Amino acid sequence: MTTCQMCDTHPTDGYLCPGCTRTLAEQLLRMPALYRALAAFLPPAARGAQHGSHGPAAEAPMPVVEHVLDLRGPGGMVGILERQRAALHAARGWVAPALGVGILNRVALAAGGLAHSLDWAAESWPDAGDFARAIRDLHGSAASVVHPRLAEERGTRLGMCPQLVSEDEAEGVCGAPLKHYPGDRAVTCRWCGTVYEPHAWTALRDWIDYEESNARLVQPS
């Protein structure tokens, strides 16, 4: 008997407890509907261009327009779901999954394929915790746009705070989760207090993407 890799609280014979497995199943089930709903939050000029890659966007409030473009684009919801499904197929010794036609169809196929193997993942996949967190974060990012009332309490998770802080004569990166809340003009770290004004969001976003990319590269195989 071990502790669930997702909640780090409930015991399980595998890698995810029943409660976290049910939550994950519900999140996967909602993915196609969330993808469709995000279209209403796109600027009018971008609503007809979601079947291919989008060009560079003008700087805009990061968690609103640009964030929706990213989620709806090839590297957003569909990219994350398909990467997770490909990793699961590889872990099971299956051939690479076939892709659908059109991003919405691909989102539905990838989410459905992951849900189909969810019981196996919860019981037998050592990477189930990372998988569950990736789906949780993706679902939260999309739901915070579509259901802003929930975002008032939960916020939109952006990544880890890069501010250098000193503690006990040692200096290091803060690393606390950064969230944006509807109505806030700036992003404020609730641990170290650093305020990131809109003009700093592009650089902040680049740092977060870089750090998360490095974290994936150093994960043990």
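If you're wondering where the values come from, they're calculated on a predicted model, not measured in any experiment.
Taking CG from L28 and NE2 from H139, the interatomic distance works out to 9.0 Å, rounded to the nearest 0.5 Å. Put simply, OG1 on T21 and NE2 on H10 are 12.0 Å apart, with the number rounded to the nearest 0.5 Å. Once rounded to the nearest 0.5 Å, the distance linking CG of L178 with OG1 of T188 reads 9.0 Å. If you take OG1 on T23 and CD1 on I135, they are separated by 13.0 Å, rounding to the nearest 0.5 Å. To the nearest 0.5 Å, atom CZ of residue F131 and atom CG of residue L16 are 8.0 Å apart. A distance of 14.5 Å separates CZ of R36 from CD1 of I103, quoted to the nearest 0.5 Å.
When all heavy atoms of T2 and G14 are compared, the pair lying nearest together is OG1-O, 3.2 Å. Closest approach of Y196 to P162, counting heavy atoms only: OH-CD, 3.1 Å. The two residues C4 and C20 have their closest heavy-atom pair at SG-SG, 3.8 Å. Heavy atoms only, all atoms of each residue included: A108 and P32 are closest at CA-CG, 3.8 Å. Listed here is the closest heavy atom pair of A134 and Q84: CB-NE2, 3.6 Å. Scanning both residues, G113 and R85, for their nearest heavy atoms gives CA-NE, 3.8 Å.
Linking Ile, Leu, Val, Met, Phe, Trp and Tyr residues whenever their side-chain heavy atoms come within less than 4.5 Å leaves Y15 and L24 in two separate clusters. In the hydrophobic clustering of ILVMFWY residues, with side-chain heavy atoms under 4.5 Å counting as a link, L29 and V78 come out apart. Note on L34 and L114: same hydrophobic cluster, where clusters join Ile, Leu, Val, Met, Phe, Trp and Tyr whose side-chain heavy atoms are under 4.5 Å apart, directly or indirectly. Residues M6 and W120 share a hydrophobic cluster, clusters being chains of Ile/Leu/Val/Met/Phe/Trp/Tyr side chains in contact below 4.5 Å.
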(request) Tell me, with the steps shown, if H67 and F41 meet side chain to side chain contact (heavy atoms under 4.5 Å, CB included). (result) CA-CA 10 Å; H67 182 54; F41 297 87; over 6 Å; no

(request) For L109 and L99, run side chain to side chain contact (heavy atoms under 4.5 Å, CB included): C-alpha distance rounded to whole Å, both residues' side-chain angles, the deciding distance at 0.1 Å, then the answer. (result) CA-CA 8 Å; L109 282 176; L99 303 182; over 6 Å; no

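Between R92 and S117, the closest side-chain pair of non-hydrogen atoms falls below 4.5 Å. Using a 4.5 Å heavy-atom threshold, the side chains of L138 and L71 count as touching.
A donor-acceptor contact shorter than 3.5 Å links the side chain of Q5 to the backbone of P126.
For R22, the CZ atom counts as loosely surrounded, since its 6.0 Å shell holds 12 or fewer non-hydrogen atoms of other residues, nucleotides or ligands.
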